[in-house]
Amino acid sequence: MRREKDTWSYVNIWYLIIPLAYVTFLFLIPIFKMIYMSFFEFQGVGKALGVFTWHNYARFLMDPYYWKVLGLTVGLSFLSAVICAVMGYPVAYHLCRVNAKAKHILTALSILPLWVPITVRLFGLMSLVETGTLLAVELGLVYCGLPYMIMILTGPIGNVNRSVEEASYVCGAGFWTTFFRITFPLTIPGLVSGFMLVFALNTAAFVVPVILGNGKIITMTTLIQQQATYIYDWGFAASISVIFLIVSMIISNSGKLYDLWQARKAARSEKLLRTAVRGEGENL
Amino acid sequence: MDYQLELTNVAKHYRDFIAVDNVDLQIKKGEIISLLGSSGCGKTTTLRMIAGLIDPTRGTIRIQGQNMNGVPPHKRDISMVFQNYALFPHLSVYENIVYGLKMRKIRDKKVLMERAREMMDIVQLSGVENRLPRELSGGQQQRVSLARAMIVEPKVMLFDEPLSNLDAKLRERTRVEIRNLLKRMNVTAIYVTHDQEEALTISDRIAVMNKGKIEQITVPTELYTKPATKFIAGFVGHANFFEGTVQHVDGDRILVKSKGGHLIQAVVPGASQLSFGKEVTLAIRPENILAGGAGENRPNLVSGTVTARIYLGSTVRYLVDAGEGKEIEIDLQTKHLVDCGEGDTIHFSLDENNLILVDR
């Protein structure tokens with residue numbers, strides 16, 4: 001018993017060290033350095049940081065322009081997630097309803113865009129739409145998010161038991177009634193996670209606003225890049241990053257609220273089930 | 001004669017595979033018919049064609065005289081109990097039960113509640129109406145699915161092995177309940193099962209299916225005592241077979257020389273149609289073989305070597321090699337036990353009145 005436990009943890013410690021080191025050096029240290037930097041006056045690249053200040057944050061929070069950039073970023077990606085859900089759902093539905101061979105081919109086709117580097121894909125898109133417009137950026141975001149949405153949705157839609165739909169048919173419900181009363185409600189958890197993924201991915205999109213926004217559509221990511229690499233105000237760039245980080249964390253964790261709610265319902269169910277099974281034993 | 005459900009020449013082909021082959025079936029109002037057969041015999045396919053979930057390749061299905069070909073499931077006014085219950089996981093027990101009524105445009109809340117309560121009393125589900133299916137035990141879920149199917153008072157109710165997920169005790173009890181319920185509500189039902197005992201208890205008539213065809217339709221008692229084919233004799237209960245050629249025919253009495261060289265007399269109805277030299281198969285149930293009789297002048301006396309002795313509680317089964325190719329099974333009451341072990345020679349006789357002539 002004891003030996004087993006030793007072996008178990010022994011192996012894990014060694015395996016964990018590599019990713020742990022990776023995360024520490026490449027993620028935690030830079031992010032703390034960035035947070036630290038956001039609270040000090042930036043005096044130039046290679047120079048020591050100046051005095052402690054709230055100025056970097058105040059500058060962002062007091063200026064309606066930056067709020068607009070934040071709102072635009074969140075709005076564009078929210079809308080793109082909605083559009084991806086609406087467009088991806090029927091595709092995923094059909095993917096789950098064709099035979100296995102066709103499913104393999106169609107799945108490959110739907111993720112085909114991911115095989116091509118994003119810049120190449122977007123340059124293709126540039127020949128179709130006028131860059132520098134909201135429409136172009138939104139189109140790009142939907143374009144990038146759709147394969148992910150389809151992939152995520154095929155899981156829960158495929159998990160809907162066909163006999164449950166058949167039960168609905170023989171109960172007297174037609175196709176659409178069955179879809180809206182049975183199939184769709186059962187896939188909502190999947191829809192939520194697909195939505196959250198595309199939403200989160202697209203708030204952090206960088207290449208799309210750069211290429212299709214063409215400098216005219218400024219999102220949070222391009223704003224940070226401007227401040228860091230053109231204006232060389234690393235302090236301000238850092239504070240924007242921190243604000244953006246907090247906003248994205250709130251967004252991507254809001255899906256968890258739904259999960260929590262579901263988990264609480266499941267726990268309640270479990271309790272009731274135990275009493276039900278016990279009751280049955282007594283009846284026998 | 002008006003039938004509640006009528007299948008004429010119904011067939012289903014999947015490319016080269018014939019799942020269901022020219023099935024004919026007539027069911028009267030209020031009758032319970034089982035489709036009995038091993039897996040892959042086409043019984044579930046037949047049921048799903050009646051439900052409209054699969055289109056037949058050929059033939060017509062009529063419900064109350066109306067041709068159902070091309071009519072989608074939701075317009076057939078039928079209902080179905082599934083093997084895995086197929087309850088709507090996100091809807092409460094109450095919502096599950098009234099689903100079919102709502103689909104039939106019954107909107108009045110009071111009526112819905114009234115009928116749901118009535119139904120839940122019948123299937124003994126009161127008190128759990130607000131629970132989700134996953135909060136119920138297997139037996140309760142099964143009763144919800146039964147209530148959901150029955151509340152709509154369908155023209156035909158279909159059962160697709162509804163009890164196979166329950167444990168043995170509950171299964172035995174539930175099948176009696178289902179039969180009583182169906183009889184009380186005078187519902188026409190088709191019950192698909194691979195469990196012969198279930199079919200024998202629940203149905204008015206049993207249709208045994210094999211390789212996509214119905215081999216025999218008859219009442220439960222006859223199925224056991226008068227199986228029409230070798231398959232049925234072997235599928236419903238146990239049977240021993242003697243294959244041989246007819247030596248002599250005298251009225252209903254025939255004399256058959258078996259492959260193993262035994263001369264067997266049998267009294268079988270319709271024997272007069274047989275003639276000398278015809279190849280026939282005789283079947284006999286293990287419990288209709290009488291042990292002992294060595295040296296006596298009994299008809300159909302056979303001897304063989306015991307290869308195994310299996311204790312089954314109230315009976316003991318002997319497997320005997322009598323040179324007929326397959327071992328012969330003999331069931332003896334434990335209280336009439338003969339003193340015989342493996343390797344010993346056993347004498348037994350076949351009761352001429354209990355030999356059955358079967359098609360191969």
Side-chain angles (χ1 to χ4, degrees), chain A residues 97-102 155-192 258-259 261-284, chain B residues 48 50-54 72-91 95-106 124 127-128 130-141 143 145 148-149 151-152 154 156-158 160 166-167 169-170 172-173:
Chain A
R97 293 291 181 269
V98 293
N99 62 45
K101 204 171 153 191
I157 295 176
N159 281 339
V160 173
N161 196 333
R162 290 305 294 272
S163 62
V164 170
E165 290 178 318
E166 286 173 353
S168 169
Y169 296 142
V170 293
C171 274
F175 174 81
W176 289 109
T177 316
T178 300
F179 178 79
F180 283 113
R181 287 197 175 228
I182 308 295
T183 317
F184 186 73
L186 287 175
T187 53
I188 286 175
L191 203 59
V192 169
Y258 181 80
D259 292 347
W261 181 54
Q262 293 282 318
R264 263 179 56 183
K265 280 210 307 198
R268 176 182 159 270
S269 295
E270 189 126 328
K271 228 170 86 185
L272 285 168
L273 176 63
R274 268 200 297 269
T275 59
V277 171
R278 208 176 301 137
E280 184 148 276
E282 280 160 11
N283 277 340
L284 270 176
Chain B
R48 292 170 65 83
I50 298 169
L53 296 168
I54 308 177
H74 65 279
K75 291 189 178 148
R76 292 192 178 200
D77 197 13
I78 46 155
S79 66
M80 188 161 168
V81 179
F82 290 78
Q83 183 171 6
N84 57 2
Y85 318 137
L87 299 176
F88 309 126
H90 59 300
L91 299 180
E95 289 290 336
N96 263 282
I97 290 175
V98 299
Y99 190 83
L101 291 179
K102 283 189 175 170
M103 293 308 130
R104 280 163 176 76
K105 307 274 178 275
I106 297 172
Q124 298 161 33
V128 295
N130 291 323
R131 292 205 186 170
L132 291 175
R134 65 177 177 210
E135 294 160 3
L136 302 176
S137 69
Q140 286 174 321
Q141 289 187 28
R143 277 177 275 156
S145 83
R148 179 179 71 180
I151 199 171
V152 296
V156 180
M157 201 160 151
L158 308 170
D160 187 10
L166 298 179
D167 59 77
K169 265 270 160 58
L170 200 57
E172 266 177 43
R173 201 182 61 182

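So you know, we letter chains A, B, ... as the sequences are listed, proteins then strands, and number each from 1.
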Taking all non-hydrogen atoms of both residues, which atom of [X] and which atom of [Y] are closest, and how far apart?
X: A/Ala167; Y: B/Ala86; value: CB-O, 3.6 Å
X: A/Ala173; Y: B/Met103; value: CB-SD, 3.5 Å
X: B/Leu87; Y: A/Val164; value: O-CG2, 3.6 Å

Which atoms of A/Lys271 are under 4.5 Å from chain B, going by heavy atoms: the side chain, the backbone, both sets, or neither?
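Neither; nothing under 4.5 Å.
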Listed once per pair and sorted, the salt bridge (Lys or Arg N to Asp or Glu O under 4.0 Å) pairs that draw on residues 73-86 of chain B, sequence neighbours left out:
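Residue pairs with at least one partner in residues 73-86 of chain B: B/Asp77-B/Arg104.
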Inter-residue atom distance [X].[atom1] - [Y].[atom2], 0.5 Å rounding:
X: A/Lys265; Y: B/Arg134; atom1: NZ; atom2: CZ; value: 6.5 Å
X: B/Leu53; Y: A/Arg162; atom1: CG; atom2: CZ; value: 10.0 Å
X: A/Thr177; Y: B/Tyr99; atom1: OG1; atom2: OH; value: 6.5 Å

Worked verdict on A/Glu166 versus B/Arg48 for side-chain contact (heavy atoms from CB on, under 4.5 Å):
CA-CA 10 Å; A/Glu166 286 173 353; B/Arg48 292 170 65 83; 2.6 Å; yes
Which atom pairs, one a donor and one an acceptor, fall under 3.5 Å between side chains of residues 178-192 of chain A and the rest of the protein, sequence neighbours left out?
from, atom 1, to, atom 2, distance (Å)
A/Thr178, OG1, A/Ser168, OG, 2.8
A/Thr178, OG1, A/Gly174, O, 2.7
A/Thr183, OG1, A/Glu165, OE2, 2.8
A/Thr187, OG1, A/Tyr89, OH, 2.6
A/Thr187, OG1, A/Thr183, O, 3.3
A/Thr187, OG1, A/Phe184, O, 2.9

Measuring heavy-atom distances to chain A, does B/Leu101 have an atom under 4.5 Å in its side chain, in its backbone, in both, or in neither?
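Answer is neither: B/Leu101 stays 4.5 Å or more from chain A.
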